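What follows is one structure encoded as structure tokens, with my remarks underneath.
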Amino acid sequence: MRDHDREKRSQDRQDMCADWLKEPIAPEHFCPRLAYRTIFISDTHLGTPGCNADLLYDFLRSVDCDTLYLVGDIIDGWRLKKGWYWPPRHNDVVRTVLKLAQKGTRVVFVPGNHDELFRDYVGLSLGGIEIVGEEVHHTADGRRLLVLHGDQFDGVVVYHKWLAVLGDHAYTALLKLNRWVNLARKLFGKPYWSLSAYLKLKVKNAVSYIGEFERVVADEAARRGVDGVVCGHIHHAEIRRIGDITYYNDGDWVESCTALIEHFDGSMQILNWAERKAGQAASDTARETGPASTVPAGARA
């Protein structure tokens with residue numbers, strides 16, 4: 001019965017999207033929800049100053065989906081142990097997720113290493129949110145995707161946790177610098193930009209680490225006999241083919257502000273919400289200012 005209800009909700013959302021396309025242009029202040037079959041997000045790190053909670057809250061209020069996967073490191077238990085940080089916007093994010101679950105969206109939480117305390121509750125449902133160790137997701141076009149956080153394939157986390165904690169300190173310091181950089185950019189009307197993500201892709205060892213992580217995760221997916229794998233952990237959104245496996249990483253909401261989305265036909269893409277909001281802001285500005293007025297050459301002083 002639940003599968004039947006979910007299929008009906010999915011069809012209703014598709015019909016709603018079709019209706020939106022038929023309707024005349026809506027007032028400028030109105031923006032209909034973006035409807036997807038499945039959304040995957042991870043590494044939001046609620047409980048830390050580095051979490052882009054405003055963008056995350058805006059994203060969650062702007063989308064609708066049949067299934068929402070929370071692919072680990074949603075709440076940063078490591079940081080909260082050292083000092084409580086929980087501004088109102090973080091509460092708003094949690095309430096929005098709970099509201100999605102109450103309204104019929106299937107919400108699946110796969111704990112990561114930063115919220116590993118929830119691994120003690122695998123198999124339970126809290127507030128309508130299913131907690132699982134991992135999941136096999138079936139796409140609309142019939143593919144099977146292994147969904148897991150990915151920290152179990154990170155040698156630093158598994159074998160040298162003290163080194164991972166040390167790295168977390170350095171990463172947190174970089175994120176603080178990132179906040180100041182973006183405050184300055186905001187003053188000059190510039191969109192969000194991640195200094196930490198930029199530096200990560202410029203450091204040879206970091207690039208090598210990312211490539212090795214992707215290969216190991218893809219190898220495990222191949223061993224399991226699935227068609228692809230969805231993970232998070234390394235804060236690097238990616239879709240690429242590795243052998244017979246399609247590797248998906250949904251990114252994060254600390255650096256890139258990305259989500260992995262599945263459309264109703266089973267196709268997948270990375271949605272960069274920071275870039276999308278910047279594009280919308282630019283379009284709004286252009287619409288408000290209108291075309292530049294032309295002044296005849298003879299009229300110029």
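Small disclaimer: the values here were computed from a predicted structure and weren't measured.
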To the closest 0.5 Å, what do you measure between CD1 (I234) and CD (E214)?
5.0 Å
Scan V108, L100, L98 and name whichever one has a side chain to side chain contact (heavy atoms under 4.5 Å, CB included) with I129.
L98
Using side-chain heavy atoms (C-beta onward) and a distance below 4.5 Å, is V97 in contact with V107?
yes
Charged N to carboxylate O below 4.0 Å: is that the case for R119 and D151?
yes
Electrostatic pair R89-D54, nearest N-O below 4.0 angstrom:
yes
Work out which heavy atom in T258 is nearest to a heavy atom in W253; give both atom names and the distance.
O-NE1, 3.0 Å
Let me check something: do L117 and L80 share a hydrophobic cluster, defined by ILVMFWY side-chain heavy atoms less than 4.5 Å apart, either directly or through other members?
yes
Donor-acceptor pair, distance only, cut-off 3.5 Å: does the side chain of E262 make one with the backbone of A140?
yes
Rounding to 0.5 Å, atoms CG (D227) and CZ (R144) come to a distance of 7.0 Å
Identify whether V230 and I245 are in the same connected component of the hydrophobic contact network (ILVMFWY, side-chain heavy atoms under 4.5 Å).
no
A side-chain contact here means heavy atoms from C-beta on lying under 4.5 Å apart; do C231 and F153 qualify?
no
Side chains of E255 and D252: closer than 4.5 Å at any heavy-atom pair?
yes
Following the transitive rule for hydrophobic clusters with a side-chain heavy-atom cut-off under 4.5 Å over Ile, Leu, Val, Met, Phe, Trp and Tyr, establish whether L124 and I75 coincide in one cluster.
yes
Restricting to non-hydrogen atoms, name the atom on H45 and the atom on C51 that form the minimum distance, rounded to 0.1 Å.
O-CB, 3.3 Å
So V132 and F109, side-chain contact (heavy atoms from CB on, under 4.5 Å) or not? Walk me through it.
CA-CA 6 Å; V132 303; F109 176 30; over 6 Å; no
For the student: nearest non-hydrogen atoms of D73 and D115, plus distance:
N-OD2, 3.0 Å
If you look at every heavy atom in V71 and L148, which pair is closest and at what distance?
CG1-O, 3.2 Å
I'd like to know if E134 and R224 make a salt bridge, using a cut-off of under 4.0 Å between side-chain N and carboxylate O.
yes
Step by step, would you call F118 with I74 a side-chain contact (heavy atoms from CB on, under 4.5 Å)?
CA-CA 11 Å; F118 288 100; I74 302 302; over 6 Å; no
Please state whether the rings of F213 and H233 are parallel, tilted or perpendicular, taking 30° and 60° as the class boundaries.
tilted
For the atom pair CG (L260) and CD1 (I270), what is the distance rounded to the nearest 0.5 Å?
5.0 Å
Could you tell me whether a side-chain N or O of H90 sits under 3.5 Å from a main-chain N or O of G47, the two making a donor and an acceptor?
yes
Closest non-hydrogen atoms of N272 and E275, given as atom of the first, atom of the second and distance, are OD1-N, 2.9 Å
Less than 4.5 Å apart, any side-chain heavy atom of D250 and any of Y248?
no
Between CD1 on residue I239 and CE on residue M268, distance to nearest 0.5 Å:
6.5 Å
Is the side chain of N91 donor-acceptor paired with the backbone N or O of R95 at a distance under 3.5 Å, no angle test?
no
Can a donor-acceptor pair be found, under 3.5 Å and without considering hydrogens, that links the side chain of R37 to the backbone of F264?
no
Under 4.5 Å between any side-chain heavy atoms of K277 and D58, yes or no?
yes
Hey, are the side chains of T139 and L145 touching, using non-hydrogen atoms and a 4.5 Å cut-off?
yes
Can you name the residues that form a salt bridge (Lys or Arg N to Asp or Glu O under 4.0 Å) with D141, not counting sequence neighbours?
R143
Strictly under 6.0 Å, is that where the ring centroids of F40 and H137 end up?
yes
Report yes or no: do Q269 and H263 form a side-chain donor-acceptor pair below 3.5 Å?
yes
E220 side-chain N/O to A218 backbone N/O, donor-acceptor pair under 3.5 Å:
no
Less than 4.0 angstrom from a charged side-chain N to a carboxylate O is my criterion; do E116 and K81 meet it?
no
Report the C-alpha separation of Y247 and V217 in whole Å, then their side-chain angles, then the decisive distance to 0.1 Å, and conclude whether the side-chain contact (heavy atoms from CB on, under 4.5 Å) test is met.
CA-CA 8 Å; Y247 168 90; V217 173; 4.3 Å; yes
Counting only N and O atoms by type, is there a donor-acceptor contact under 3.5 Å from the side chain of W78 to the main-chain atoms of N113?
yes
Is it the case that one hydrophobic cluster holds both V110 and V122, taking links as side-chain heavy atoms less than 4.5 Å apart, direct or via other members?
no
L60, I261: one ILVMFWY side-chain cluster at the under-4.5 Å cut-off?
yes
R215 and D219 ion-paired at < 4.0 Å
yes
What's the separation between atom CG in L56 and atom CG in L46, rounded to the nearest 0.5 Å?
6.5 Å
Measuring from atom CG of N249 to atom OG of S42, what distance do you get when rounded to the nearest 0.5 angstrom?
6.0 Å
With no hydrogens and no angle check, just 3.5 Å: does a side-chain donor-acceptor pair link R79 and T48?
no
Between T105 and C65, is there a side-chain heavy-atom distance shorter than 4.5 Å?
yes
Closest approach of F59 and A259, non-hydrogen atoms and distance?
CZ-CB, 3.7 Å
More than 12 heavy atoms of other residues, nucleotides or ligands under 6.0 Å from CG of D120: is that the case?
yes
Taking atom types as modelled and ignoring hydrogens, do the side chains of D43 and H235 form a donor-acceptor contact shorter than 3.5 angstrom?
yes
In sequence, state the C-alpha distance, the side-chain angles, and the governing distance for I131 and L126, and then conclude on side-chain contact (heavy atoms from CB on, under 4.5 Å).
CA-CA 8 Å; I131 304 178; L126 301 178; 3.5 Å; yes
